[in-house]
Structure formats: structure tokens, C-alpha cells
Q: 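Below you will find the structure I want to go over with you.
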Amino acid sequence: KCFRSPIAPEGHIHRSRLQHGTRIPAHLHPGAVGHMLVLEGVVETTGGRRCERGDFWTTSPGVEHGPHLAVTDVEFITISIGAEGTVIVD
């Protein structure tokens with residue numbers, strides 16, 4: 001059974017694996033707060049910041065972020081709380 005919080009009934013949690021060189025274009029999520037945790041590898045994100053295993057960051061709703069580039073093979077967890085949706089701006 002899936003649990004949905006009455007406080008934040010929309011959103012998702014997912015694990016992603018990206019191969020070295022994969023690029024996610026700059027984008028925003030109009031109605032959701034995003035939380036990212038790098039499990040393995042290195043990803044370059046907004047402003048060229050490099051994030052490695054154990055690094056965590058949060059993005060507020062409507063804030064442009066990315067592009068994200070997998071510097072190595074990378075695995076991360078995304079927790080999104082709020083209305084679903086992505087707008088590509090890149």
C-alpha cells in the first residue's frame with residue numbers, strides 16, 4: 001500500500017541512474033519542492049557546482065536549476081513534494 005501524506009498529498013520519490021555524459025537540461029518545477037541526494041558518482045549541477053556521494057540540496061518551487069551533467073556514472077534519490085510538473089527552460 002502506498003502512503004500519501006494529508007499535508008503533502010502530491011509528489012514522488014524516485015531513484016535515478018545516469019550514465020557518464022548524460023545531461024538533464026535546465027528546468028523548473030512550478031509547484032514542487034525538490035530534494036536531491038547523491039548516492040554514487042559525481043554530478044555537475046547549477047552554476048557548475050560538483051556534487052558527490054552524500055551531497056544533498058533542495059530547490060524551491062519555481063526556481064530554475066540545472067543543467068545537470070553526469071560527470072561519472074551517477075545514482076541519486078529525488079524527493080519531490082508538491083504538484084507534479086516540469087518546465088524545460090534550457
Side-chain angles (χ1 to χ4, degrees):
K1 182 177 179 182
C2 208
F3 174 76
R4 289 220 178 251
S5 166
I7 298 169
E10 297 182 72
H12 66 269
I13 299 172
H14 68 266
R15 183 175 82 183
S16 300
R17 292 182 178 144
L18 305 178
Q19 292 183 334
H20 167 260
T22 301
R23 182 180 181 275
I24 299 171
H27 59 283
L28 58 91
H29 309 284
V33 175
H35 307 280
M36 303 285 291
L37 172 64
V38 179
L39 300 175
E40 293 292 337
V42 179
V43 63
E44 186 175 288
T45 188
T46 308
R49 184 178 72 183
R50 283 184 169 230
C51 297
E52 302 176 356
R53 181 181 183 182
D55 287 343
F56 175 86
W57 70 93
T58 299
T59 304
S60 297
V63 174
E64 181 180 330
H65 53 286
H68 307 300
L69 176 67
V71 177
T72 64
D73 288 350
V74 66
E75 182 176 0
F76 57 90
I77 296 282
T78 302
I79 302 170
S80 178
I81 300 172
E84 300 290 330
T86 300
V87 177
I88 303 296
V89 295
D90 189 39

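Since we're looking at a predicted model, the values are computed, not measured.
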Q: Linking I/L/V/M/F/W/Y whenever their side-chain heavy atoms sit closer than 4.5 Å, directly or via other members, would I79 and M36 fall into one cluster?
A: no

Q: For residues S80 and A32, report the shortest heavy-atom separation together with the two atoms involved.
A: OG-CB, 3.4 Å

Q: Under 4.5 Å between side-chain heavy atoms, hopping through other hydrophobics if needed: is there a path connecting I13 to I81?
A: yes

Q: Going hydrophobic residue to hydrophobic residue with side-chain gaps under 4.5 angstrom, can you get from V89 over to V63?
A: no

Q: May I have the list of side-chain donor-acceptor pairs in residues 16-31 shorter than 3.5 Å, sequence neighbours left out?
A:
unit_1: S16; atom_1: OG; unit_2: H14; atom_2: NE2; d: 3.4
unit_1: H20; atom_1: NE2; unit_2: V71; atom_2: O; d: 3.3
unit_1: T22; atom_1: OG1; unit_2: Q19; atom_2: N; d: 3.4
unit_1: T22; atom_1: OG1; unit_2: Q19; atom_2: O; d: 2.7
unit_1: R23; atom_1: NH1; unit_2: D90; atom_2: OD2; d: 2.7
unit_1: R23; atom_1: NH2; unit_2: D90; atom_2: OD1; d: 3.4
unit_1: R23; atom_1: NH2; unit_2: D90; atom_2: OD2; d: 2.5
unit_1: H27; atom_1: ND1; unit_2: P25; atom_2: O; d: 2.7
unit_1: H27; atom_1: NE2; unit_2: H29; atom_2: NE2; d: 3.4
unit_1: H27; atom_1: NE2; unit_2: H65; atom_2: NE2; d: 3.1
unit_1: H29; atom_1: ND1; unit_2: G85; atom_2: O; d: 3.2
unit_1: H29; atom_1: ND1; unit_2: T86; atom_2: OG1; d: 3.1

Q: On a heavy-atom basis, which atom in P61 and which in V33 lie closest, and how many Å separate them?
A: CD-CG2, 3.6 Å

Q: Can I77 be reached from F56 by stepping across I, L, V, M, F, W or Y side chains whose heavy atoms are under 4.5 Å apart?
A: yes

Q: Only pairs under 3.5 Å count here: list side-chain donor-acceptor contacts from residues 38-51, not counting sequence neighbours, and write none if there are none.
A:
unit_1: T45; atom_1: OG1; unit_2: H68; atom_2: ND1; d: 2.6
unit_1: T46; atom_1: OG1; unit_2: G66; atom_2: N; d: 2.7

